[in-house]
Amino acid sequence: MSKILFLHGFFASGQCVPALALRDAFRGRVDVLAPDLPMHPKKAVSFIRELIDKEKPDLLVGNSCGAFYAQMLAPVVGMPALLGNPHFQMTEFLKVRIGRHQYKSPRKDGKQDFVIDEALIEEFAEVESKQFELCNPLCKDRIWGLFGEQDTLARFEPLFLEHYDRSFHFPGGHTPTAEEVCTWYVPLAEKMLKDFCNKPI
């Protein structure tokens with residue numbers, strides 16, 4: 001069975017709506033892994049890389065901050081990736097949100113509260129500054145972008161197209177609904193599994 005690793009957004013968890021919808025849509029056909037990611041970017045990247053080495057997924061699918069991570073790791077591990085509304089400037093997103101927050105979906109460790117502070121922003125700035133360093137011609141058509149036409153948080157299609165070739169739109173906002181995942185994310189993920197992994201679905 002094919003395997004997808006889904007990477008959620010910054011305020012989300014592995015139990016967020018896009019992750020659950022992706023899992024439901026592929027049930028019995030594709031195994032969808034959707035772990036809770038560490039809040040700090042360096043830990044998140046290390047965690048994802050270790051999980052890829054262990055689980056050997058066929059495709060990365062990310063949303064927002066998760067797509068930011070997927071873009072960095074896909075060329076390293078030689079995997080195709082579908083980036084949903086990738087947020088390539090997380091520092092700008094975080095600077096106006098300093099303080100205490102709660103995750104918008106439940107996390108397995110039960111910890112729903114977290115703090116955005118200057119140290120976290122500085123760490124994101126360091127990772128962000130190197131995010132496109134490993135782009136290469138071999139991955140230009142294997143990393144696809146999917147952009148919500150009503151997204152007001154992450155308008156980075158022009159930056160995406162400086163590095164990659166395949167861009168798609170859907171008539172939604174930053175965080176896709178379950179219906180939008182089924183209508184737009186799932187067919188693209190199916191096509192990527194077929195075209196790049198030769199996997200039956």
Side-chain angles (χ1 to χ4, degrees), residues 4-14 16 18-19 33-98 101 103 114-148 151-168 174-175 188 192 196:
I4 290 173
L5 176 57
F6 177 79
L7 307 177
H8 62 73
F10 183 79
F11 276 98
S13 74
C16 64
L33 307 177
D36 293 346
L37 302 179
M39 181 180 68
H40 287 264
K42 291 181 181 179
K43 287 184 179 179
V45 170
S46 294
F47 172 83
I48 296 165
R49 180 62 193 271
E50 290 174 6
L51 193 61
I52 290 171
D53 290 343
K54 177 183 177 183
E55 296 289 345
K56 296 178 171 51
D58 301 290
L59 174 67
L60 295 177
V61 178
N63 195 66
S64 191
C65 186
F68 166 71
Y69 294 139
Q71 185 281 139
M72 288 187 287
L73 285 166
V76 177
V77 297
M79 287 175 55
L82 176 60
L83 313 183
N85 290 325
H87 207 307
F88 295 137
Q89 294 180 3
M90 285 299 298
T91 50
E92 298 304 312
F93 174 81
L94 296 173
K95 282 177 182 177
V96 295
R97 293 172 172 83
I98 290 176
H101 298 272
Y103 290 106
F114 66 95
V115 175
I116 296 173
D117 57 20
E118 292 291 349
L120 178 65
I121 294 170
E122 289 175 7
E123 187 177 331
F124 264 103
E126 182 181 346
V127 174
E128 192 178 290
S129 68
K130 303 174 182 177
Q131 64 181 307
F132 294 111
E133 284 187 351
L134 296 174
C135 289
N136 63 74
L138 298 177
C139 67
K140 281 180 71 69
D141 66 342
R142 292 168 56 89
I143 296 178
W144 295 4
L146 179 56
F147 298 89
D151 186 1
T152 59
L153 285 177
R155 307 288 292 180
F156 295 111
E157 186 177 17
L159 179 56
F160 172 86
L161 289 172
E162 290 180 18
H163 302 279
Y164 303 108
D165 294 334
R166 303 294 297 276
S167 175
F168 303 86
H174 186 66
T175 302
L188 289 175
M192 296 185 84
F196 301 124

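Values in this document were obtained by computation on a predicted structure and should not be read as measured data.
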(message) For a 4.5 angstrom cut-off between non-hydrogen side-chain atoms, does L37 reach C65?
(response) no

(request) Please tell me if the side chains of H40 and L120 come closer than 4.5 Å, counting only heavy atoms from C-beta onward. (result) yes

(request) Answer yes when K95 and E92 have at least one side-chain N-carboxylate O distance shorter than 4.0 Å, and no when they do not. (result) yes

(request) Please determine if R49 and D53 form a salt bridge, counting it only when a charged side-chain N lies under 4.0 Å from a carboxylate O. (result) yes

(request) Identify the two heavy atoms, one from L153 and one from H87, that lie closest to each other, and give their separation to 0.1 Å. (result) O-NE2, 3.3 Å

(message) Taking the side chain as everything from C-beta on, heavy atoms only, tell me whether P57 gets closer than 4.5 Å to I4.
(response) no

(message) Are Y103 and F114 an aromatic pair, judged by ring center distance below 6.0 Å?
(response) yes

(request) Report yes if some heavy atom in the side chain of P38 is under 4.5 Å from a heavy atom in the side chain of F47; otherwise report no. (result) yes

(message) Working to the nearest 0.5 angstrom, can you tell me the gap between R142 CZ and M192 CE?
(response) 8.0 Å

(request) Compute the ring centroids of F124 and F93, then answer whether they are less than 6.0 Å apart. (result) no

(message) I'd like to check M79 versus D58 (side-chain heavy atoms, cut-off strictly below 4.5 Å). Are they in contact?
(response) no

(request) Applying side chain to side chain contact (heavy atoms under 4.5 Å, CB included), run through L33 and F6 and close with a yes or a no. (result) CA-CA 6 Å; L33 307 177; F6 177 79; over 6 Å; no

(message) Taking salt bridge (charged side-chain N to carboxylate O under 4.0 Å, His left out) as the criterion, tell me which of E123, E122, E126 meets it with K42.
(response) E126

(message) Between F147 and F156, does the ring-ring contact (aromatic ring centres under 6.0 Å, His included) criterion hold? Intermediate values first, please.
(response) CA-CA 8 Å; F147 298 89; F156 295 111; 8.9 Å; no

(message) For W144 and L83: C-alpha separation, side-chain torsions, deciding distance, then whether side chain to side chain contact (heavy atoms under 4.5 Å, CB included) applies.
(response) CA-CA 6 Å; W144 295 4; L83 313 183; over 6 Å; no

(request) For H8 and P35, work out which heavy atoms get closest and say how close. (result) CD2-O, 3.3 Å

(message) Show the nearest heavy-atom pair for residues A34 and A19, with the distance to one decimal.
(response) CB-CB, 3.8 Å

(message) Using the rule given for side chain to side chain contact (heavy atoms under 4.5 Å, CB included), can you reason through L5 versus I48, listing the C-alpha separation, both sets of side-chain angles and the distance that settles it, and then say yes or no?
(response) CA-CA 9 Å; L5 176 57; I48 296 165; 4.1 Å; yes

(message) Please find the pair of heavy atoms, one from N136 and one from P75, that lie closest to each other, and give the distance.
(response) ND2-CB, 4.1 Å

(request) Compare every heavy atom of R155 with every heavy atom of G148, then report the nearest pair and how far apart it is. (result) O-NH1, 3.6 Å

(request) Examine F132 together with F88 and report whether their ring centres are nearer than 6.0 Å. (result) yes

(request) Could you tell me whether the side chain of I143 reaches within less than 4.5 Å of the side chain of L82, counting heavy atoms only? (result) no

(request) Could you name each residue pair satisfying side chain to side chain donor-acceptor pair (under 3.5 Å) that touches residues 60-81, not counting sequence neighbours? (result) N63-Y185, S64-H174, Q71-Y164

(request) Using a strict 4.0 Å threshold on nitrogen-to-oxygen distance, state whether K140 and D165 make a salt bridge. (result) yes

(request) Start with the C-alpha gap between L188 and L146, add the side-chain angles, then the distance that decides, and say whether side chain to side chain contact (heavy atoms under 4.5 Å, CB included) holds. (result) CA-CA 9 Å; L188 289 175; L146 179 56; 4.0 Å; yes

(message) Tell me if a side-chain donor or acceptor on Q131 pairs with a main-chain N or O of E128 at a distance below 3.5 Å.
(response) yes

(request) Return the minimal non-hydrogen interatomic distance between P18 and T175, and the atom names on each side. (result) CG-CG2, 4.1 Å

